[in-house]
Each structure stands twice: as C-alpha cells, then as structure tokens.
Chemist: 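Could you have a look at this structure, given as structure tokens, before my questions?
First the proteins, then the strands, lettered A, B, ... as listed; each starts at 1.
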Amino acid sequence: MSKPSLPQGTRDFGPEVVRKRQYIFNTIRSVFELYGFQPLETPAMENLETLMGKYGEEGDKLIFRILNNGLENPDKHQQARADFEKVLEGKNVKGLTERALKYDLTIPFARYVAMNHGQLTFPFKRYQIQPVWRADRPQKGRYREFYQCDADIVGSNALLNEVELTNIYNEVFTQLGIADYELRINSRKILTALAEFCGGADKMIDITIAIDKLDKIGLDKVKAELAQRGLNDEQIATIEKYLNISGTNEEKLQLIKSLIGHLETGKKGIEELEFVNRSRSEAGAIGNLIIDFTLARGLNYYTGIIFEAKAPATVKIGSIGGGGRYDDLTGLFGVPNIPGVGISFGVDRIYDVMEELKLFPEGVYTGTQVLFFNMGASESTTAFSAMQSLRKQGVRCELFHEPAKMDKQFKYAEKKNIGFIVIIGSQEVQNNTGVIKNLKTGTQETVSLANLTNKLFI
RNA sequence: GAGGUUGUAGCUCAGUUGGUUAGAGCGCUAGAUUGUGGUUCUAGAGGUCGUGGGUUCGAAACCCAUCAUCCUCCCCA
C-alpha cells in the first residue's frame, strides 16, 4: 500500500495552525460585524454555467470541474463518448461536468442576489468566509484550496461605501499588527479613459495587462509589450506619460487631470478617487492609502474604484486582499441595475505574512490550563469531580487518561504547554485536599478541594 | 500551459571518483528515579535510500522513465 498523501496544493492544518488561522478569521469577522455586514454561506459547488465566462479566458481554465456521477451506466455510454470527444476539442459539455467547485465568493454572491433580490433589503451588506478552489499550479503563497473573506455592499452607488471598505482594511490590518500594509486604489474609469485617449477603447484590456506589470518588469519592457500588443509609438508615448505620474496622492490627481481630465469617463474616475482620498483623510485615517494608476486587477467585471492591499514590501508575497466596484454584477444572471462594491481578504497569505513577521500574540497558543494527575483508579474519581467543578467555572482542564508515573504525566503537561497541574493522590484524598503546582514558576501549594475553584489558573 | 529544483529514519539533513553491515542531530521508547517535570547519563527501536526499469562484478550515487515536492513565468488571493 502506498503512503497516504494530499491532493496537490491542499494542506492539513494542525491544532496550532488552526488556532492562528482562527485568530485571523475572528478578527476579520468581528470587524465585518462592527461595520454592519451580515453573514452568508453558499455551497462549495455551483452549476458550471454559473461560473463559466465570469473570470475571463484564463479563469475558465482554472475552474475545478466535477465529473458527473453515473457515467458508467451502459445506457449513457454512447452519449458520454460523444460528449468526451467535444471536451477534447475544448468545449464544455453538461453531460460530463454539470457542476464545479466555486472559484471565488463574488460570483456565487451575485447568483444569490439575483435569485433573492425580491426578498433582500437594499443596500444589502453581506460578508462571507469560505474556501474556494482554483486548478492553478501551486507555488509560494498560492494554493489550490484557500479561504477568502469577502465583504460586499450591493444596491448602492454611494462612494461612502468605498470609504467604509478602506476603513475596514485599515481596521483589520491594524488589529492584526500588519501596520505597514499598503492599500492601493485606482479607478477602472481612468483606465478606460486612457484607452480612449490612445484612440483604442478596444485596446483597454491589452493596455491594462501590460501596465499592471510595471513594478515587476520595468518601463522598457512594458513599452515593448505594448508594442507587441499592437499599440503605435504615439499611443505608447501617451501611456508613458501616464505611467510617469508620481508624487503625493494630491499631486497625482492634479497630473492625471491635465492628461485625461477633459474626457467624460476620466473626469468621473478622478472625482471618485478624489472623494475617497478626501474622505479618508478627513476621517483621520492616515497614510497607507496610495493612489496608483498602474493598478489594473484582472477580474473584468470591475467598473469603478478598484483596491489592492499589499503586504509590507519586506515580505515578498504581494497581494493580500483586493476588490472593487461593479456597476452591474447581477446583470449576468438576468437581474440588471444592481450595483455593488466589495473587498476580499486572502487569509492564507495574511497567515504567511504574520508568520514571517512573527505577529501572532502569545495568547493564540493557549489550550488546556490545568492537568489533573491520575494517581490511581480510586484517586482519579476524586480528581475527576474536582476537575468537573473547575470546568463549570470555565477553566479548561483534563485528567490524565490513565494511572502512570508522575514523570510521564509531567512531560505530557509540559509538551502540551499546560500551565498548572493538580495532584490528588491517596494522601490528598484522605485530607480532602489537592496540590496545585505552577509549572512555569515551579511553586506549589496544598489547598482544600472546596477552595480549588477560587484559584486562578493564569 | 512553459521552464527549473529537490526526493535518504517520525523531523532536519550528511553520505567522498560507484566498493563491505547507509550515518548524525533532534524526536520516540525504556532505565538511572514506585509522589515532583524541564537538565544530565545509559540502552533500545526505527530505512522497499520516492517508484519502475537499465548500465555494472558491485548503485543511495550513473542513465531513462514515472510520481511527488518546492520554485519561476502566465495569472492571481
């Protein structure tokens, strides 16, 4: 028999890791709740057609498909073979894969809103913390199963929502101790305006893909890629001017105005950024918010402000969250005119960042507080009831599972990082007492069992 | 989808130009110690050298294939 193993890109989480992850989840959840968001959960799988075509051509390839059951039924063989031929041609066939694992939380949410818009009170603010799956090749900071934590507001065009979301980022990262994060924002409208100004509105996607790589490959290579994607010299020169915009947020806004402020779309995009930037500084939230005109983001349903939260530059992990506004997400599901804006936290990457920067507080490691020694079959019944009275007080305790040498029980307590032990042996049973020992300081005292619940095990 | 890296004990890793019985540290079990842990000392258990094939008198080492892993590009959280 071969050794057991995990599917590529998936992980088990041991007790310590789960505690740390829960610390992150709890922080994010409590901030979402604080800002008035309501929880939602959707199934692990969706109908394939719900997901297909929503994430671009590349995205479609990364969707995990689920093979239909029952294909072994002889009656279906002929159809299955025909369907399989089509799959080999790169087509999607319902007969073979009707369902797929969800790829993100936004599209299932849009599907939910489209199905329930009659019942929902708008604006509907929901948060969602669930795993998603991508058939990507795993590497550093990239997994095939990972969690997303999303907060979205649908049914409101107000830019106040964007401001709220930037505050959520700030609150969460501050609480987690990732103070040096960067929140980059841009507006898709500015990118649209740039494409228009270059005379090629149809080139928008080519332009954004290329300029998004600026900090990775440098200006020259971006220009080369633009040329390769069919932009002429004049257009590239305009884009270069655009990319060279720098300075404070206010300075950048001034410069972009002179470049594309005369275009209707550009003007709108600039107003959006100005509003968020101003509101945020008026609210006293300082630093960290950086207007970045090279930010593009892949998902093509964004239409307004887009966000990207980046880890401190010292850890090479990059994006730890992202989001943006979409004017008409549910339109894909036949319910038009419901705008929305949302953000997402990438917990798995946040974990890696916190691990690297050693940001987890001591408190997350605590498990059992008190171990009761097992000093024999009859002694342990006294220990057991003493333990139950402590548990009633909310003290986390356990009784060693069998009578054993004290040496062994001590070592167990030490390995599990248990702070206190209580010894109730034959002498103690006789005197109705117990010995409490603090394993960190090495001090111990004898107390009456009635008094045990008054002790603090911290 | 393209390219590269690594695979030896539970874990981290040595292993010389191919040469006898494959090693170390940590961990594990037992004892020194039958009511006081961490330290120390002693002993012990634990290996299809990722898998399959080939070259060779002889392979953990060389060759081919395969699987897994990690990383880079693409794209993304």
Chemist: Establish, yes or no, whether the cationic atom of A/Arg21 lies under 6.0 Å from the six-membered ring centre of A/Phe13 and within 45° of the ring axis.
Modeler: yes

Chemist: Does the pair A/Lys455/A/Glu445 count as a salt bridge with the N-to-O cut at 4.0 Å?
Modeler: yes

Chemist: Is any side-chain N or O of A/Lys405 closer than 4.0 Å to OP1 or OP2 of B/rG31?
Modeler: yes

Chemist: Examine A/Tyr351 together with A/Phe360 and report whether their ring centres are nearer than 6.0 Å.
Modeler: yes

Chemist: Going by modelled atom types, is there a donor-acceptor pair between the base of B/rC75 and the side chain of A/Arg134 at under 3.5 Å?
Modeler: no

Chemist: Give one of base, sugar-phosphate or nothing for A/Lys408, where a contact means two heavy atoms less than 4.0 Å apart.
Modeler: sugar-phosphate

Chemist: For A/Leu51 versus A/Tyr103, what's the shortest heavy-atom pair and its separation?
Modeler: CD1-N, 4.4 Å

Chemist: Would one find a side-chain N or O of A/Gln139 under 4.0 angstrom from OP1 or OP2 of B/rU72?
Modeler: yes

Chemist: According to the Watson-Crick and G-U wobble definitions, with both distances under 3.5 Å, which nucleotide is paired to B/rA59?
Modeler: none

Chemist: RNA chain B: A/Glu225 or A/Lys140, which has the more 5' nearest nucleotide?
Modeler: A/Lys140

Chemist: So, does the side chain of A/Gln8 form a donor-acceptor pair with the base of B/rU69 at under 3.5 Å?
Modeler: no

Chemist: Using the P atoms only, state how far B/rA60 lies from B/rU72, rounded to an integer number of Å.
Modeler: 34 Å

Chemist: Give A/Gln409 one of three labels, base, sugar-phosphate or nothing, depending on what nucleic acid heavy atoms sit under 4.0 Å from its own.
Modeler: nothing

Chemist: Mind listing the N/O atom pairs, protein and nucleotides 3-8 of chain B, below 3.5 Å?
Modeler:
none

